[in-house]
*Asks:* 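Can you read through this structure? Questions will come right after.
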There are 2 protein chains.
Amino acid sequence: MPRPQSLSDERLVDSLAAAFRLSGYEGTSLAELASSAGLAKAALYHRFPGGKAEMAEAVEAALGDEFAARVIAPLTTTAAASERLRQMADGMMSFYAEGRHACLVEIFSIAATPEPVRERLRAGVARWIAALAKSLSDAGFDETEAGRRAEDTVIRVQGALVVSRALGERRPFTELVENLPEQLLAPPAVDRNHRSSGERQ
Amino acid sequence: MPRPQSLSDERLVDSLAAAFRLSGYEGTSLAELASSAGLAKAALYHRFPGGKAEMAEAVEAALGDEFAARVIAPLTTTAAASERLRQMADGMMSFYAEGRHACLVEIFSIAATPEPVRERLRAGVARWIAALAKSLSDAGFDETEAGRRAEDTVIRVQGALVVSRALGERRPFTELVENLPEQLLAPPAVDRNHRSSGERQ
DNA sequence: GTCTATATTTGGATAGAC
DNA sequence: GTCTATCCAAATATAGAC
């Protein structure tokens, strides 16, 4: 139960993930899950005795692992900060399929999703923000600024996925991700009010 | 059919909105809608012969009107730009109930929602971005920069609502909205690279 | 482990009385 | 306009053969 081990199980969970991502927890029927997986409903229940809820948890665990490997892990290497952020951006771009894939955070965070799933989601978001903050702190920002930028980044990624989906265009997401590494390392905004050309220190 | 006229109808639609916002389109059953409205299912069908889909459209139309009045309208007054943005932020804060209310854009933009509903959503998001861009353009930004900031703002609001909901905290949303007016009018970022610790061109 | 077939419950939607 | 009662389809879940 911790997680599937065979290769075919990974493919299976990917199929379930695709279905859930598209229509959410309640919006995805067992018939759709079965058809997406290429299995009969009874076969799904053999692998996931806990039914739909257990399938959602397996999907969440698998995508969480994949996200950790593709997006978080690059942040923890010994490369230069700008290089780490660039690799994180690359990982995000492929993980979300250039904005075509919804994030489970948006999809599974509503009340229609079983509590255990939402609880793990909460922890995952917190870890994501923490990892980013750590990386920005290493890059020279003080704790406060690093935390602020980390949370703002997660917010923007989620928002860009929503807007891209709502508009039916990948651009809002791809544009955001492409600019992320540069924006994240940009010097703090000049906080006093003054007009746009005369910068100081 | 265009829209309900009596006062009690407005309350009714608000109840339906609360239910849909909580669990999404597929996640909200007619039993829940009826109980939320304090009516029997058959009574709902009397008001909305088109069933659940028509209820969702009515909710969308009503919330769209409310959003236009509370968030968009303040942008079109003759007040100073900073004042208009402050009023928009106030409107957003109350419209989203300090982050406790989900936005229909996140909730209704997935495939499980009927196409007509999603189509109008798309138009609404586009109008929102356009109105903001117009306002920023009036404030002195060139078209490109105004459009960029407008889209980024909508992205951030959507993302902050998602993150707030996922974490179960209002702060990410409230913090964002409080800082919005100032950030929106801040001078463009210094685009030349320069170190925060040891960066290079 | 996977299938077909079926049980059981819930969901969306109507009929018809008041 | 709202109710109770009911229909029908779909959804979740299980039984049992292979």
Side-chain angles (χ1 to χ4, degrees), chain A residues 1 3-60 107-108 110-117, chain B residues 1-60 107-108 110-118:
Chain A
M1 320 75 166
R3 72 164 122 158
Q5 69 267 42
S6 88
L7 275 179
S8 105
D9 276 356
E10 281 186 22
R11 291 248 194 93
L12 169 60
V13 174
D14 278 352
S15 304
L16 302 181
F20 276 128
R21 257 196 308 245
L22 208 58
S23 307
Y25 184 80
E26 291 279 3
T28 308
S29 69
L30 280 175
E32 286 164 338
L33 289 166
S35 127
S36 173
L39 285 177
K41 284 187 268 183
L44 277 185
Y45 275 93
H46 178 260
R47 310 252 194 139
F48 306 98
K52 200 174 165 181
E54 190 178 338
M55 297 176 210
E57 289 183 41
V59 162
E60 183 178 45
I107 299 292
F108 276 174
I110 65 174
T113 310
E115 249 297 309
V117 176
Chain B
M1 313 91 154
R3 72 164 122 160
Q5 68 269 39
S6 88
L7 275 180
S8 106
D9 275 357
E10 280 186 22
R11 291 249 193 95
L12 169 60
V13 174
D14 278 352
S15 303
L16 301 181
F20 276 127
R21 257 197 308 244
L22 208 58
S23 306
Y25 184 80
E26 290 280 5
T28 308
S29 68
L30 279 176
E32 285 163 339
L33 289 166
S35 127
S36 173
L39 285 177
K41 284 190 269 183
L44 278 184
Y45 274 91
H46 179 260
R47 310 254 193 138
F48 305 98
K52 198 174 165 181
E54 190 179 339
M55 296 175 210
E57 289 182 41
V59 163
E60 184 178 45
I107 298 293
F108 276 172
I110 68 175
T113 310
E115 249 297 310
V117 176
R118 287 160 57 207

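Just so you know, these numbers use all the heavy atoms, side chains as well, and skip hydrogens, waters and symmetry mates. Within every chain, numbering begins at 1; the chains are lettered A, B, ... in the order of the sequence lines, protein sequences first and strands thereafter.
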*Asks:* To the nearest Å, how far apart are A:Glu32 CD and D:dT12 P?
*Replies:* 9 Å
*Asks:* Of the nucleotides D:dA13, C:dC3, D:dC3, which has the atom closest to the B:Ala43 side chain?
*Replies:* D:dC3
*Asks:* In whole angstrom, what separates A:Glu54's CD from D:dT12's P?
*Replies:* 15 Å
*Asks:* Expressed as a whole number of angstroms, how long is the span from A:Leu30:CG to C:dT8:P?
*Replies:* 18 Å
*Asks:* Side chain of B:Ala40 only, please: which of D:dT4, D:dT2, D:dA13 is the nearest?
*Replies:* D:dT4
*Asks:* Atom CG of B:Leu44 to atom P of C:dT14: distance rounded to whole Å?
*Replies:* 13 Å
*Asks:* With side chain to side chain contact (heavy atoms under 4.5 Å, CB included) as the test, pick out the partner of B:Val59 among B:Leu33, B:Leu16, B:Val117.
*Replies:* B:Leu16
*Asks:* With the side chain of A:Lys41 defined as its heavy atoms from C-beta on, choose the nearest nucleotide among C:dC3, C:dT2, D:dA13.
*Replies:* D:dA13
*Asks:* Given atom NE2 of B:His46 and atom C1' of C:dA15, what is their separation to the nearest angstrom?
*Replies:* 14 Å
*Asks:* Given atom CD of B:Glu26 and atom P of C:dT10, what is their separation to the nearest angstrom?
*Replies:* 17 Å
*Asks:* Does D:dT14 have OP1 or OP2 sitting under 4.0 Å from an N or O in the side chain of A:Tyr45?
*Replies:* no
*Asks:* Is the A:Phe108 ring parallel, tilted or perpendicular to the A:Phe20 ring (thresholds 30°, 60°)?
*Replies:* perpendicular
*Asks:* Check whether A:Ser23 reaches the backbone of A:Thr28 with its side chain - one donor and one acceptor, N or O, closer than 3.5 Å.
*Replies:* no
*Asks:* Using a heavy-atom cut-off of 4.0 Å across all strands, would you classify A:Lys52 as base, sugar-phosphate, or nothing?
*Replies:* sugar-phosphate
*Asks:* Rounded to the nearest 0.5 Å, how far does CD1 of A:Ile107 lie from OG1 of A:Thr113?
*Replies:* 9.0 Å
*Asks:* Please report the distance, rounded to the nearest Å, between CZ in B:Arg47 and C1' in C:dA13.
*Replies:* 18 Å
